[in-house]
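These notes are about the structure you will find just below.
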Amino acid sequence: MTTTQLSPQYDPSTIERAIYQRWLDLGVFAPPADGDREPYVIVIPPPNVTAVLHMGHGLNNTIQDVLIRLERMRGRAVLWLPGTDHAGIATQNVVERLIASEGKRRQDLGRDAFVERVWAYVGETGGRILDQLKAIGASCDWSRTRFTLDDEYSDAVLEVFVRLYHEGLIYRGHRVIHWCPRCLTALSDEEAEFRERDESLYYIRYPIVRGGGTHAADEHVVVATTRPETMFGDVALVFHPDDARYRRHRGGRVRIPLTAVEIGIDVSPAVERDFGTGMLKVTPAHDANDFDIAAVLDPKGERPVILTEDARMADVERVPADLRGLERDGARTYLVERLRAEQLLEKAEPYRHAVRHCYRCDTVVEPRLSDQWFVRMAPLAAPALEAYRRGRLRFVPERWGKVYEQWLTQIRDWNISRQLWWGHRIPAWFCEADGCDHLTVQRDAPAGCQACGGRVRQETDVLDTWFSSWLWPFATMGWPRPTADLRRFYPGHTLVTAPEILFFWVARMVMAGYHFMHQAPFETVFLHGTVRDTQHRKMSKSAGNGIDPLEVVDRYGADALRYTVVAGSAIGTDVIMDPNDLESTFAAGRNFANKLWNVGRFIVTNLDAPTTPADGLDPAQFELADRWILSRCQRAITDTTDALDRFRLNDAAAAGYHFVWDDLADWYVEQVKPRLYGTVPGGEVARAILSHVFGTALRLLHPIMPFVTEELWSHLPGAGAEPLATTAWPVPQTDFLDEEAEDRFGRVQALVGAVRAVRAEYRVPPSRAVTARVQPANTAALEAFNAEQRTIERLAKIGKLAMDGGGGGGGAHAVLPDGSSVFVPLGDAIDVRQECARLAAEIERVERQLAAVDAKLRNDQFTNRAPAEVVERERQKAGTWREQCETLADKRRALGC
RNA sequence: GGGCGAAUAGCUCAGGGGUUGAGAGCGCCUGCCUUACAAGCAGGAAGUCGGGGGUUCGAAUCCCUCUUCGCCCACCA
């Protein structure tokens with residue numbers, strides 16, 4: 001490779017694409033065919049097929065790629081399996097919106113045409129996100145890309161359904177579920193998210209029906225409810241059996257307000273006496289608890305459904321005619337007014353409570369009685385729970401384990417049927433023959449009913465998206481067929497995801513893994529934080545606070561994005577980014593990539609030929625700085641490796657950063673220049689060591705910043721044809737650890753720093769060299785000087801360093817870390833008279849400012865009227881300036897002005 | 001209602017198994033286009049480590065408590 005065309009500024013846009021292509025061409029991402037290497041497997045959390053890359057994906061996939069690249073360099077057979085999720089509701093919604101713009105509803109097209117339309121849409125735009133992942137450097141094995149609706153994958157989904165059904169773990173249930181009246185489908189508990197809402201608690205009078213055991217003096221019973229519009233579905237009122245207030249009403253009857261419907265008054269221990277009036281209306285078809293209460297009260301009784309699927313008041317006898325067809329919110333408003341008018345509303349008080357919302361469209365979910373398919377979860381949860389408790393499944397950070405455990409402990413059955421068209425259609429066939437209610441459940445359509453041979457019709461519902469995702473770790477590898485991939489790559493190792501889908505996905509994958517593969521699908525679950533803006537709001541496109549990763553890649557490069565994301569994610573914490581200031585958000589990463597580029601440029605241009613390997617050199621030829629950088633390099637290796645192994649990716653990033661910038665660029669490169677330029681001998685050793693430590697740095701940083709490191713590697717003489725991506729991860733060479741060298745070079749740094757401080761303080765021009773005198777007591781500093789005379793002279797711009805000497809004349813002391821000092825006489829380096837004058841002028845200026853502020857602070861008008869923080873700021877200013885005056889006066893004294 | 005987490009420099013955050021002068025990046029101030037890099041170099045200012053209490057020779061760190069923020073779970077309608 002030529003070494004002459006590296007531009008002074010790193011321009012990622014010119015190299016990233018080519019590098020990625022090279023990795024693809026070389027087949028770097030596919031696990032090696034030879035089966036004797038230990039595998040390392042991560043399955044990607046499949047993004048929604050319609051998704052567009054956002055910062056959350058950026059974070060999630062960068063982390064996975066870092067782990068993947070590390071293990072690949074360690075020589076394991078690495079598989080990072082990519083793919084997408086069909087995302088039932090989300091995708092169907094997208095396409096429904098699309099055809100809505102053509103004035104059509106999905107019903108207009110019909111099921112088959114609609115599903116075809118979705119496929120067309122997915123074919124066009126689907127999977128775009130996978131290409132976007134390439135832009136951030138994701139090293140997935142694209143040849144194994146999967147989609148949850150692929151034929152093979154679908155076979156697995158249906159197989160699982162059939163097996164679980166026949167094992168009695170899937171059943172059909174008639175109960176109150178969460179229903180989204182906008183998406184027109186049932187939802188699981190997890191898909192119906194609680195959100196606080198400010199509503200009202202209405203106290204409604206139910207008129208008492210005379211006769212029975214009812215006390216004649218009472219006219220009505222008051223019930224508190226947040227949902228008055230559901231009262232037409234009431235079947236009873238209940239109070240707590242121990243509630244003396246209502247004892248006389250037991251067995252009595254009331255009329256549902258505005259109707260002629262009579263219902264009884266009964267008791268139920270489920271009633272909370274202190275809530276509302278202690279009297280509860282039982283609406284079994286529109287409230288899960290009420291359904292349970294009614295099941296005890298009257299197992300065979302009616303469960304009137306009084307809301308339509310799209311949440312309008314139903315056209316049924318129980319609902320007053322003037323309310324029928326009204327949408328639920330309008331119905332409530334109207335109803336409340338009518339109740340008020342008829343003196344049937346005692347009061348309405350403001351009430352804040354948590355209401356479930358559809359996680360896809362945010363519509364308030366309607367509890368609704370219907371027939372759905374459920375998975376019996378307790379038996380599946382048991383092994384998943386045990387795996388965690390026995391330490392076979394580990395969470396990072398650990399605390400999520402408790403959350404996982406708690407959820408599994410109180411797990412409820414999973415509603416898996418969705419009234420959608422986009423998804424895996426449930427492989428169940430109902431018999432249409434009279435009197436036969438047999439269900440045929442099998443993978444392929446039966447010729448007829450298994451029981452009576454009659455005609456059958458297939459269930460129209462599809463399965464919950466998560467019912468396919470939970471099989472991801474093995475269905476992607478060909479299950480239920482006994483494939484080679486399954487043998488080799490199951491179980492996997494690390495799962496990297498956000499805590500938000502711990503229940504949706506992670507826990508269920510563990511359950512499926514145990515049930516169908518008898519092993520957990522991974523051993524470690526690494527849960528990273530959420531990307532948020534500076535106000536800690538979750539980033540999202542709809543909230544307008546998102547950052548487009550592709551824009552970042554475009555402007556600053558993938559490595560800048562990756563570095564920033566990794567450096568910003570300490571374990572268990574969220575990643576905060578400022579969408580309004582991409583420049584400073586990604587500055588650290590961009591600057592570092594540029595730094596790396598420039599050190600590389602310097603090193604590469606000074607290495608015209610392959611160098612001797614560092615461990616082939618004669619240590620007798622090493623200078624102090626050589627021993628020092630080799631030792632620092634060892635520490636960088638162990639620190640980085642250790643950090644990565646503990647999932648402390650931010651520490652790994654910091655270790656590489658500081659080694660490259662603080663040690664290599666700031667000190668070693670500067671120290672070594674005379675040798676490289678031939679002004680002093682030893683160039684060969686310097687080159688060899690430069691090459692060694694820089695090559696090591698590139699390897700250490702490669703998982704985090706793959707592009708810039710790969711590019712520089714290709715320019716490093718002697719690096720060979722092998723891409724950096726598959727070179728071996730550095731192993732520490734303990735021979736190179738050298739505490740003595742670190743200690744001694746530390747003194748050199750201190751000495752140089754001390755002199756530089758004096759130079760800066762007194763504005764010694766770069767062209768002028770100074771003299772410095774080390775206080776005689778400080779033998780350590782003298783030793784450092786003796787050992788590294790050339791370095792210190794060069795870096796501190798010392799012309800002469802005296803080893804004895806007191807502190808007479810005009811000059812300044814700089815204190816060394818051990819408490820002793822360096823004295824720099826400044827008479828020969830600056831015009832003392834001029835500096836004295838400058839200092840005097842500055843003191844005068846500061847004093848003037850100080851006087852002004854002091855006067856201000858003495859002025860009561862100001863101190864009383866100005867905002868406290870303004871006054872405080874002024875006070876601080878005064879303090880700072882007062883100190884500054886002291887400092888300047890000290891300087892004048894030092895110079896003997 | 002229960003549980004969890006966070007509060008450290010102007011901003012975004014590390015650290016914290018008790019013991020030396022509390023760190024980084026960005027920002028800020030001063031001086032520098034020093035032949036790798038101005039996306040840079042050198043130097044510098046800046047924090048009573050949220051309030052209060054306790055344990056200790058010693059606490060930013062451990063314990064208690066309060067305040068404020070965030071998250072998760074939850075069938076008081």
Side-chain angles (χ1 to χ4, degrees), chain A residues 6-10 176 194 201-202 223-227 230 238 270-283 287-293 351 353-354 367 397 399-400 402-403 406-407 410 412 499-500 502-503 529-530 532 534-538 556 560 564 567-578 581 583-606 648 650-651 654 657-658 662 665-666 669-670 673 677 752-753 756-767 794-797 817 819 876 880 883-884 887:
Chain A
L6 303 183
S7 67
Q9 255 189 22
Y10 174 53
V176 174
F194 280 107
L201 187 60
Y202 302 95
V223 173
T225 180
T226 54
R227 303 216 51 200
T230 64
V238 290
V271 178
E272 201 67 45
R273 278 187 278 179
D274 298 334
F275 186 87
T277 60
M279 185 67 81
L280 170 71
K281 70 190 211 30
V282 179
T283 321
D287 185 290
N289 302 314
D290 291 5
F291 182 83
D292 292 342
I293 293 172
Y351 187 62
H353 64 148
R399 69 183 131 91
W400 289 108
K402 278 181 274 175
V403 179
Q406 190 198 333
W407 187 74
Q410 42 170 55
R412 291 150 61 183
E500 293 142 47
L502 186 59
F503 307 143
T530 306
R532 300 177 183 277
T534 52
Q535 275 131 70
H536 292 213
R537 291 174 309 199
K538 193 171 164 179
Y556 312 116
T564 303
S569 54
I571 250 169
T573 64
D574 288 336
V575 180
I576 312 295
M577 295 185 161
D578 187 351
D581 190 357
E583 178 83 18
S584 44
T585 298
F586 296 98
R590 179 195 56 171
N591 294 357
F592 182 46
N594 192 51
K595 188 68 183 183
L596 202 52
W597 180 255
N598 275 295
V599 189
R601 209 156 63 92
F602 174 81
I603 291 173
V604 158
T605 48
N606 280 287
R648 306 181 63 107
N650 59 323
D651 288 344
Y657 183 99
H658 288 120
D662 298 350
D666 284 354
V669 161
E670 293 305 327
K673 276 178 179 172
Y677 297 156
V752 169
R756 279 173 175 173
V758 171
R759 294 184 59 100
E761 228 178 317
Y762 289 93
R763 292 150 207 273
V764 180
S767 54
R794 207 179 89 77
L795 297 182
K797 286 237 164 92
Q876 281 175 8
T880 312
E883 279 171 34
Q884 210 177 327
T887 316

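This is a predicted model, so every value here is computed, not measured. Naming convention: chains lettered A, B, ... in sequence-line order (proteins, then strands); numbering from 1 in each chain.
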Exercise for review: Report which part of the nucleic acid A/F291 touches: base, sugar-phosphate, or nothing (heavy-atom distance under 4.0 Å, all strands).
Suggested key: nothing

Point to revise | Atom-to-atom span, CG of A/D662 to P of B/rG23 - whole angstrom | key: 14 Å

Review point. For B/rC71, does OP1 or OP2 lie under 4.0 Å from any side-chain N or O of A/T530?
Key: no

Review point. For B/rG44, does either OP1 or OP2 sit under 4.0 Å from a side-chain N or O belonging to A/R756?
Key: no

Practice item. Could you let me know what B/rG70 is paired to, Watson-Crick or G-U wobble, both distances under 3.5 Å, or none if it's on its own? Key: B/rC4

Point to revise | Aromatic ring pairing A/Y677/A/F602, orientation class (parallel under 30°, perpendicular over 60°, tilted between) | key: perpendicular

Check your understanding: Expressed in angstrom and rounded to an integer, what is the separation of A/R399 atom CZ from B/rC4 atom C1'?
Key -> 7 Å

Filtered N/O pairs between nucleotides 30-32 of chain B and protein, under 3.5 Å:
unit_1: B/rU30; atom_1: O2'; unit_2: A/R763; atom_2: NH1; d: 3.3
unit_1: B/rU30; atom_1: O2'; unit_2: A/R763; atom_2: NH2; d: 3.4

**Study point:** Strand partner of B/rU12, provided both Watson-Crick or wobble distances fall under 3.5 Å
**Key:** B/rA24

Point to revise | Flag side-chain contact, heavy atom, 4.5 Å: A/I293 against A/L280 | key: yes

**Study point:** Among B/rC37, B/rG40, B/rC41, the one nearest A/N591 by side-chain distance
**Key:** B/rG40

Practice item. Locate the shortest heavy-atom distance separating A/T585 from A/T564; write the atom from each residue and the value. Key: O-CG2, 3.2 Å

Practice item. Would you indicate what A/Y351 reaches in the nucleic acid, counting non-hydrogen atoms under 4.0 angstrom: base, sugar-phosphate, or nothing? Key: sugar-phosphate

Study note, to complete from the structure: Comparing A/G278 with A/N606, nearest RNA chain B nucleotide closer to 5' gives the residue A/N606

Point to revise | Atom C1', compared across B/rU8 and B/rG16: separation rounded to whole Å | key: 11 Å

Point to revise | Atom pair distance, as rounded to whole Å: CG in A/N289 and P in B/rC75 | key: 8 Å

Practice item. Please measure how far the P atom in B/rU19 lies from the corresponding atom in B/rU30, and state the result in whole Å. Key: 38 Å

Exercise for review: In whole angstrom, give me the gap between the P atoms of B/rA46 and B/rC71.
Suggested key: 37 Å

Check your understanding: Which base sits across from B/rC41 as a Watson-Crick or G-U pair, both distances under 3.5 Å?
Key -> B/rG31

Exercise for review: Quick one: closest heavy-atom pair of A/L502 and A/V403, and the distance?
Suggested key: CD2-CG1, 3.9 Å

Check your understanding: At under 4.0 Å between heavy atoms, what does A/A665 touch on the DNA or RNA strands: base, sugar-phosphate, or nothing?
Key -> base

Check your understanding: So, the side chain of A/R759 versus the backbone of A/P765: is there a donor-acceptor pair under 3.5 Å, distance only?
Key -> yes

Point to revise | B/rA9 and B/rG47, which share atom name C1', separated by this distance in whole Å | key: 5 Å

Review point. In the structure shown, which nucleotide is the Watson-Crick or G-U wobble counterpart of B/rC62, with both distances under 3.5 Å?
Key: B/rG54

Exercise for review: Measure from the side chain of A/F503, starting at C-beta and using heavy atoms only, and say which of B/rC72, B/rC37, B/rA74 lies closest.
Suggested key: B/rC72

Review point. Is the cationic atom of A/K595 (NZ for Lys, CZ for Arg) positioned less than 6.0 Å from the six-membered ring centroid of A/Y657 and within 45 degrees of its normal?
Key: no

Check your understanding: With respect to the phosphate group of B/rC41, does any side-chain polar atom (N or O) of A/K595 fall under 4.0 Å of OP1 or OP2?
Key -> yes

Check your understanding: Counting any heavy atom closer than 4.0 Å, what does A/D290 reach on the DNA or RNA strands: base, sugar-phosphate only, or nothing?
Key -> nothing

Revision key, fill the gap. A/Y677 OH to B/rA36 P, in whole Å, measures 4 Å

Practice item. Please state the C1' separation for the pair B/rA39 and B/rG25 - nearest whole angstrom. Key: 13 Å

Practice item. Sticking with atom C1', work out how far B/rG53 lies from B/rA22, rounded to a whole angstrom. Key: 24 Å

Exercise for review: Please figure out whether A/L201 or A/N650 has its closest RNA chain B nucleotide nearer the 5' end.
Suggested key: A/N650

**Study point:** Under 4.0 angstrom between A/Q9 side-chain N/O and B/rA39 OP1 or OP2
**Key:** yes

Practice item. Could you measure between the two P atoms, the one in B/rG50 and the one in B/rG15, and give it in whole Å? Key: 15 Å

Exercise for review: May I have the distance from A/H658 (atom NE2) to B/rA14 (atom P), rounded to whole angstrom?
Suggested key: 15 Å

Review point. To the nearest Å, how far apart are A/I293 CD1 and B/rA77 C1'?
Key: 8 Å

Practice item. Just call it for A/Y10: base, sugar-phosphate, or nothing, with non-hydrogen atoms closer than 4.0 Å on any strand. Key: base

Point to revise | Whole-angstrom distance between B/rU56 and B/rC73, as gauged at atom C1' | key: 39 Å

Practice item. Scan A/E761 against the nucleic acid and name what it touches under 4.0 Å (heavy atoms): base, sugar-phosphate only, or nothing. Key: nothing

